Amino acid sequence: MLRHGLFEALLRTEPIFRNKEVLRPTYTPEDLPHRSDQINQLASTLVPALRGETPSNVFIYGKTGTGKTAVAKYVGKELIEAGKANGARVNFIYINCEVVDTQYRVLTQIANALTDNWNERIPFTGWPTDEVYAKLREKIDASGGATIIILDEIDKLVFKAGDDVLYNLTRINADLSKARVSLIGISNDLKFTEFLDARVTSSLGEEEIIFPPYDAAQLQDILKQRAGVAFKEGMLENAVIPLCAALAAQEHGDARRALDLLRVSGEIAERESARRVSEQHVRRAQNKIEIDRVTEVVRTLPMQSKLVLLSVILGEEHTQRKGLTTGESYDTYRELCKATGSDVLTQRRVTDLLSELDIMGILTARVISKGRYGRTKEIQLSVPAGETRAVLCEEPQLELACNARLPQQKLSAVL
DNA sequence: TGTCCACTGGAAGGGAGGGCTT
DNA sequence: AAGCCCTCCCTTCCAGTGGACA
């Protein structure tokens, strides 16, 4: 039967958002509060591009959600404008190395960004790498002026493909006659520089810009600025923005997190047809974001890790207490493997899988000594059992064990 | 005080699978 | 196609250990 007025009822409720898009991480705002130092620093490093000189390469470092990408894109946009106004040719190419993560793809991406003509594009596979490099050189030279290349999440590229690309790109100026290239590397992980050739490190790090985390007050400013555009007038209770800022400040001052919180709070309020967004909505949003994160992590776990995790959940259920020993969870795991027809790994391997789950924050495992009764790890689930179990149940192989459970007596005999 | 439990976690190495070169 | 190397996942082996208990 059709429910009449299903959408009418929803449409009648006053919308809370004016423009939700400005709260999304992909949005680059016109104005970046508390980042003027970094903007100026980057701009003054790049300004030689407008004078026909070669700008230094720049390395940008900062934790997630500190505005690195936004600042780089913002300065890029301004630079192109200034170039047009002053008759200087400036190319600005943004590459996210999490997506474009091999030498071939990076070079192709840059070359194709400099081509308007579809027929001249380099195919996504097929060419020898040195030929791509030669073509790229030719295109950069043909385009002339300055070409600024942003390599975002550059650590991902180095881990995946090594530093050959960076080595080649940092030396490309020597092979150019009419044009100049400078690189901006962005990373939230400093460790990756250990894997770089010393020549690449010194060349890439000619200039360094550090993005410190935002504190709670700065996050409030950011939220206020965006909330003004995102929400309709008077839709936020006074406590909402300070709370979002405080919660995000606890998590290493991540602006992305703060904006997510605000957006999800609004969505929850809207779904409930609430008149305004309240503190309660923020708390619920915090909870929802955390559960979504866990759900995503658990869903993408390899099969054996899922088995180990499920055996911890089942083990806690059956023993009716928090905190299992390694031996207990391994016994449950073995039963579970038999019940699902999976391979049984050794205890040694399972301890490693447990440690991995510990590092991911899905459970906590700490070494305790029970004296006479040996030394072991005490393993506790640190995520909601119900939701986690529901995600594990999605796996066809685990569905039965998850829902129908293991044979009761068999398990209790073991435990 | 020494014993001994139930492990921990390092080291070394096997083998499957993918990618690259020849 | 063959050979080689690398990475990942895993096993086997084993020395080491905190602290309750005799």
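Just so we're clear, the structure is a prediction, and the values are computed from it rather than from any experiment. When reading the values below, keep in mind they use all heavy atoms of this one structure, side chains included, and skip hydrogens, waters and symmetry mates. The sequence lines fix the lettering, A, B, ..., with proteins before strands; numbering per chain opens at 1.
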With a cut-off of 3.5 Å and sequence neighbours excluded, list every side-chain donor-acceptor pair involving residues 236-251 of chain A.
residue: A:Glu251; atom: OE1; partner: A:Arg257; partner atom: NH1; Å: 3.0
residue: A:Glu251; atom: OE2; partner: A:Arg257; partner atom: NH1; Å: 3.2

- [ ] Inspect the contact between A:Glu138 and A:Lys135 and indicate whether a charged nitrogen and a carboxylate oxygen are less than 4.0 angstrom apart.
- [x] yes
Task: Side-chain ion pair, A:Arg348 and A:Asp352, N-O less than 4.0 Å - done: yes
Between the protein and nucleotides 18-22 of chain B, which nitrogen or oxygen pairs come in under 3.5 angstrom?
none

- [ ] Check whether any side-chain N or O of A:Thr326 sits under 4.0 Å from OP1 or OP2 of B:dT8, and answer yes or no.
- [x] yes
Task: Closest heavy-atom pair and its distance - A:Leu23, A:Ala230 - done: CG-CB, 3.7 Å
Open item on the list: Minimum heavy-atom separation for A:Glu30 and A:Tyr74, please, with both atom names.
Closed with: O-CE1, 3.1 Å
Open item on the list: Using a 6.0 Å distance limit plus a 45 degree cone around the ring axis, check whether A:Arg35 lies over the aromatic ring of A:Tyr214.
Closed with: yes
Open item on the list: Using whole Å, what does the distance between atom P of nucleotide B:dA6 and atom CG of A:Asp331 come to?
Closed with: 12 Å
Task: Interface with DNA chain C, restricted to residues 346-356 of chain A and to heavy atoms under 4.0 Å - done: A:Thr346, A:Arg348, A:Arg349
Task: Cationic N near anionic O, under 4.0 Å, A:Glu328 to A:Arg321 - done: yes
- [ ] May I ask you to decide whether A:Lys20 forms a salt bridge with A:Glu267, counting only side-chain N to carboxylate O separations under 4.0 Å?
- [x] yes
Open item on the list: Could you tell me how far apart A:Ile359 (CD1) and B:dG9 (P) are, to the nearest whole angstrom?
Closed with: 11 Å
Which side-chain N or O atoms in residues 367-375 of chain A pair as donor and acceptor under 3.5 Å with protein atoms at least two apart or in another chain?
residue: A:Ser369; atom: OG; partner: A:Gly371; partner atom: N; Å: 3.2

Task: Separation of B:dC5 C1' from A:Lys377 NZ (nearest whole Å) - done: 18 Å
TODO: Mind running a 4.0 Å heavy-atom check of residues 365-375 of chain A against DNA chain B and sending the residues that fall below it, in number order?
DONE: A:Val367, A:Gly371, A:Arg372, A:Tyr373, A:Gly374, A:Arg375
Task: Salt-bridge present (A:Arg137, A:Asp141; N to O < 4.0 Å) - done: no
- [ ] List in chain and number order the residues that pass ring-ring contact (aromatic ring centres under 6.0 Å, His included) with A:Tyr94, two or more places apart in sequence or in another chain; answer none if no residue qualifies.
- [x] none
- [ ] In whole angstrom, give the distance that lies between atom OH of A:Tyr330 and atom C1' of C:dC10.
- [x] 12 Å
